[in-house]
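Order of listing sets the numbers, starting from 1, for every ligand and every atom in it. Fair warning: this is a prediction, and the values are worked out from it, not measured in the lab.
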Amino acid sequence: MDRDKILLTPGPLTTTLRTKLAMLKDWGSWDADFNAVTASVRASLLDIVHGADSHVVVPLQGSGTFSVEAAVATLVPRDGHVLVLDNGAYCKRAAKLTTLMGREATSLDFDEAQPVDAEVLETYLQKDTSITHVVMIHCETGAGVLNPLQAVADVCARFKVGLIVDAMSSFAALEIDARTTRFDALIAASGKCLEGVPGMGFVFIRKEVLAACEGRSQSLAMDLYDQYVYMEKTGQWRFTPPTHVVVALAEAISQFKEEGGQPARLARYTRNYQTLVAGMQALGFRPFLDPAVQAPIIVTFHAPEVPGYSFKDFYAAVRARGFLLYPGKLTTVETFRVGCIGAIDTHEIEQAVHAIELALRDLVIAA
Ligand SMILES: *Cc1c(COP(=O)(O)O)cnc(C)c1O
């Protein structure tokens, strides 16, 4: 059958037919019609974080990591020192890209089953005064932990260090308010909770730090300052824009607004999350995280205790029934992940749980 599989993955994710149909058109990258789409997307993005007064938003071609890399390169001086609050795989990726771009990076390590701790950060900043920027991941998609953005932002503000937030898997679903949460940069992408298609990221940059960003990036294509200046001057993207991705995002944002914005999206994802966990627990699956630290974005489950279990076989058995799972990303325990995000609701989640039940039966019979 050619029905699309339901993606239970944290991007790309299942999109609506309206979003897909928006891509069936060619756009000129210099054309006024396309520039108007870019401008409206940028204005809408700023509205979502209430950031029009305090921040600018700079879109960038590429997957989400491209924008994280661009944000670090654009914000952090070449002799800057970045402290990464590390409780998972995406934190490690941020530390690695910082080092590769020639900035000094230090990791403050936390348990991957727990949120990072703002008090530990505070103690660290008291003794190491060389730190210029802190990098944190809002929702650590590796295990699914929600990190305390407000508490970390408050500590960074008090110590006058810059804060760079990877909010890739939380933006538009969890509340982020630039009026009350101080960040120098915050990064997200088209193909996550806004339910667009993948292909572009965007970075909110605090206006007060923008001017100092000129000339910091060692990359031409990933320089967000240049991208910003050019876009302000011409209304155009500096290099070839992902036109179809941009128009799909504009359409996805219209639906986001129709649904009721961030609170409505969070409510739907929370229902998905609750339905998923209840259904999986009834099948005997155990979530890896304490529910108190879990974001309603992606859930890590312990692998089923079936002799000879392999994720590959389990994935294939669930896939045959129309649903795509996501592998685990933990270092020590065998797990798999199920996303709660995308253009799906509790009906798809119930069907997914049923597919998992049937797949598990296959594995048990084969064992
Ligand atoms: C998805 C994601 C990214 C970006 O990953 P890409 O594969 O580059 O799109 C970065 N950080 C977090 C926390 C994510 O969930």
Side-chain angles (χ1 to χ4, degrees), residues 7-15 59-73 75 82 84-98 100-101 105 107 110 112-116 134-149 152 163-174 176 183 185-204 219 221-222 224 242 245-246 248-249 252 265-266 269 273 289 293-300 324-330 335-342:
L7 305 182
L8 301 172
T9 59
L13 33 69
T14 291
T15 58
L60 183 72
Q61 300 90 331
S63 88
T65 305
F66 289 54
S67 282
V68 179
E69 196 159 323
V72 170
L75 272 281
V82 174
V84 179
L85 307 181
D86 181 353
N87 66 334
Y90 291 90
C91 308
K92 288 178 178 59
R93 188 188 292 180
K96 183 174 181 186
L97 64 86
T98 301
L100 285 173
M101 286 184 297
S107 289
F110 298 89
E112 62 189 349
Q114 292 297 329
V116 303
V134 167
V135 169
M136 77 171 291
I137 316 290
H138 189 197
C139 168
E140 225 312 337
T141 321
V145 176
L146 176 61
N147 281 318
L149 174 57
V152 169
L163 173 62
I164 298 174
V165 185
D166 171 348
M168 211 71 70
S169 63
S170 58
F171 177 81
L174 302 181
I176 299 170
F183 50 82
L186 186 132
I187 308 129
S190 53
K192 301 255 178 167
C193 300
L194 279 176
E195 302 180 355
V197 302
M200 62 172 272
F202 44 88
V203 183
F204 299 93
S219 163
M222 313 253 287
L224 295 174
V245 176
V246 179
L249 181 59
R265 189 133 306 182
L266 177 60
Y269 290 171
Y273 160 71
L289 290 177
V293 305
Q294 169 79 58
I297 301 292
I298 186 163
V299 185
T300 299
L324 300 192
L325 298 177
Y326 211 52
K329 211 166 192 169
L330 302 184
T335 56
F336 66 95
R337 288 178 289 172
V338 186
C340 308
I341 63 180

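Scanning both residues, Phe202 and Ser67, for their nearest heavy atoms gives N-OG, 3.7 Å. Pairing each heavy atom of Pro296 with each of Leu266, the nearest pair is CG-CD1, 3.8 Å.
Glu140 places no side-chain N or O within 3.5 Å of a backbone atom of Asn147 that could act as its donor or acceptor partner.
When each of Val152, Ile176, Asp166 is paired with His138, the side-chain contact (heavy atoms from CB on, under 4.5 Å) condition holds for Ile176 and for no other.
For ligand 1, the protein residues within 4.0 angstrom (heavy atoms only) are Ser63, Gly64, Thr65, Tyr90, Arg93, Ile137, Cys139, Thr141, Asp166, Met168, Ser169, Lys192.
Classified by interplanar angle (parallel below 30°, tilted 30° to 60°, perpendicular above 60°), the ring pair Phe183/Phe204 is perpendicular.
In this structure, the salt bridge (charged side-chain N to carboxylate O under 4.0 Å, His left out) partners of Lys92, at least two apart in sequence or on a different chain, are Asp86.
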